[in-house]
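Please see the structure below; I have some questions.
Reminder, nothing fancy here: chain letters follow the sequence lines and each chain counts from 1.
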2 protein chains.
Amino acid sequence: MNQQEAEQILKEKHIQATRQRITILEYFLEHKVHPGIEEVYEALADRPEKISKATVYNTVNLFEKHGLLKALDVGEAYCHYDVDMDRHGHFHCVHCGKIWNIPYDPEVEKNLPPGFEVLDEQVLVKGLCPECASENSERLS
Amino acid sequence: MNQQEAEQILKEKHIQATRQRITILEYFLEHKVHPGIEEVYEALADRPEKISKATVYNTVNLFEKHGLLKALDVGEAYCHYDVDMDRHGHFHCVHCGKIWNIPYDPEVEKNLPPGFEVLDEQVLVKGLCPECASENSERLS
DNA sequence: GTGTCTGCAAACGATTTGCAAATTA
DNA sequence: TAATTTGCAAATCGTTTGCAGACAC
């Protein structure tokens with residue numbers, strides 16, 4: 001089902017729908033929780049249609065250029081990617097490393113001096129997720 | 001003047017005030033507009049007290065750990081650093097690469113589900129600065 | 001004097017790239 | 001068949017690290 005959806009999306013964007021590109025986009029559609037390159041590569045390694053890491057990199061860059069994905073850099077060594085293009089921010093737990101989507105109000109642009117043209121905005125909050133926060137307070141008590 | 005200020009700050013933070021650390025912190029205090037490692041290194045290369053790039057890296061990491069600086073990743077290959085620890089966001093011009101400080105209202109936390117503990121937040125807007133935006137519209141007309 | 005910091009060069013790790021073989025239309 | 005894409009391995013580049021000598025206290 002996602003296979004066909006992925007192929008359809010690629011055709012709409014006028015991106016040649018190769019086996020590898022369909023598989024990678026399908027993976028992103030099924031795993032919207034911000035995978036990294038390594039994660040995509042590992043996940044697809046055991047499939048019959050083997051995909052090299054260079055292809056994962058090139059494909060993800062291509063997708064980003066066409067607006068199918070957004071890079072999400074939380075300060076780790078590598079980058080995460082996000083297929084969800086709706087406006088939302090991210091919460092990054094500095095303890096367990098998990099990333100959550102969070103809502104935020106559209107107020108950034110109203111504070112911008114005139115003349116600036118907005119193309120994209122990112123809101124990133126770092127801290128402790130509920131689980132890690134409670135672990136932490138237990139340790140202290 | 002900044003020399004003494006830098007030394008003072010280091011002592012307050014209980015960081016051993018070496019010649020290199022004072023020089024690097026002094027540079028950041030004089031250049032708050034988000035320098036990168038390379039920029040700091042190049043700027044201090046002609047000074048009598050030569051500073052290796054490894055030391056710039058180690059020192060900046062040390063400063064960050066002690067809360068003197070914040071890393072600012074706008075998606076370029078390398079990182080920028082910001083000594084201004086007051087709450088503010090950044091505007092990154094994707095055309096000329098310049099970075100501006102911008103204000104934003106504190107509304108992120110109120111949208112956060114309960115249990116999340118905030119340590120830091122970053123607001124990054126990408127787009128065209130007034131200069132590049134007008135250049136761009138001229139080209140189109 | 002003793003422990004910490006610096007500089008150098010080598011190591012590292014994520015990402016990109018050149019090119020021949022494979023795949024797509 | 002012609003043009004594009006893939007896979008591999010090598011290259012790239014920002015950053016980290018090991019270690020001997022230099023410096024701070």
Item to check | Annotated protein contacts, base or backbone, on nucleotides 10-15 of chain C with a non-hydrogen cut-off under 4.0 Å, one of B, S, - each | outcome: ----SB

Next on the checklist: Expressed as a whole number of angstroms, how long is the span from B:Leu25:CG to C:dC5:P?
Outcome noted: 16 Å

Next on the checklist: What's the closest nucleotide to the side chain of A:Arg21 if the choices are C:dG7, D:dT6, D:dG7?
Outcome noted: D:dT6

Checklist entry - To the nearest angstrom, how far is B:Glu39 atom CD from D:dT15 atom P? => result 13 Å

Checklist entry - Rounded to whole angstroms, how far apart are CG on B:Asn58 and P on D:dT15? => result 12 Å

Item to check | Nearest-nucleotide 5' precedence on DNA chain C, B:Ile15 against B:Ala54 | outcome: B:Ile15

Item to check | A:Glu7 CD - C:dT24 P separation (whole Å) | outcome: 11 Å

Item to check | Donor on one side chain, acceptor on other, A:His80 and A:Asp73, under 3.5 Å | outcome: no

Item to check | A:His88 versus A:His90, side-chain donor and acceptor atoms under 3.5 Å | outcome: yes

Checklist entry - Is any side-chain heavy atom of B:Val56 less than 4.5 Å from a side-chain heavy atom of B:Gln20? => result no

Checklist entry - So which residues get pulled into A:Val74's cluster when ILVMFWY side chains under 4.5 Å apart are joined, directly or through others? => result A:Leu72, A:Ile99, A:Leu124

Checklist entry - Hey, does the side chain of A:Thr55 come within less than 4.0 Å of D:dT5's phosphate (OP1/OP2), counting only N and O? => result no

Checklist entry - To the nearest angstrom, how far is B:Lys11 atom NZ from D:dC25 atom C1'? => result 11 Å

Checklist entry - Between B:Glu7 and B:Arg21, is a salt bridge (Lys or Arg N to Asp or Glu O under 4.0 Å) present by the stated rule, with each step listed? => result CA-CA 8 Å; B:Glu7 200 167 347; B:Arg21 288 174 180 171; over 6 Å; no

Next on the checklist: Counting only side-chain nitrogens and oxygens, does B:Thr18 get under 4.0 Å of the OP1 or OP2 atom of C:dT4?
Outcome noted: no

Checklist outcome for this item: Between CD of B:Gln16 and P of C:dC5 the distance, given in whole Å, is 5 Å

Next on the checklist: Please check this pair: side chain of A:Arg87 against backbone of A:Tyr104, looking for a donor-acceptor N/O pair closer than 3.5 Å.
Outcome noted: yes

Item to check | Separation of C:dC5 P from B:Ile24 CD1 (nearest whole Å) | outcome: 13 Å

Next on the checklist: Tell me the interatomic distance from A:Gln20, atom CD, to D:dG7, atom C1', rounded to whole angstroms.
Outcome noted: 9 Å

Checklist entry - How far apart are the C-alpha atoms of B:Asp84 and B:Lys70, what are their side-chain angles, what is the distance that settles it, and do they pass the salt bridge (Lys or Arg N to Asp or Glu O under 4.0 Å) test? => result CA-CA 8 Å; B:Asp84 184 354; B:Lys70 261 193 197 177; over 6 Å; no

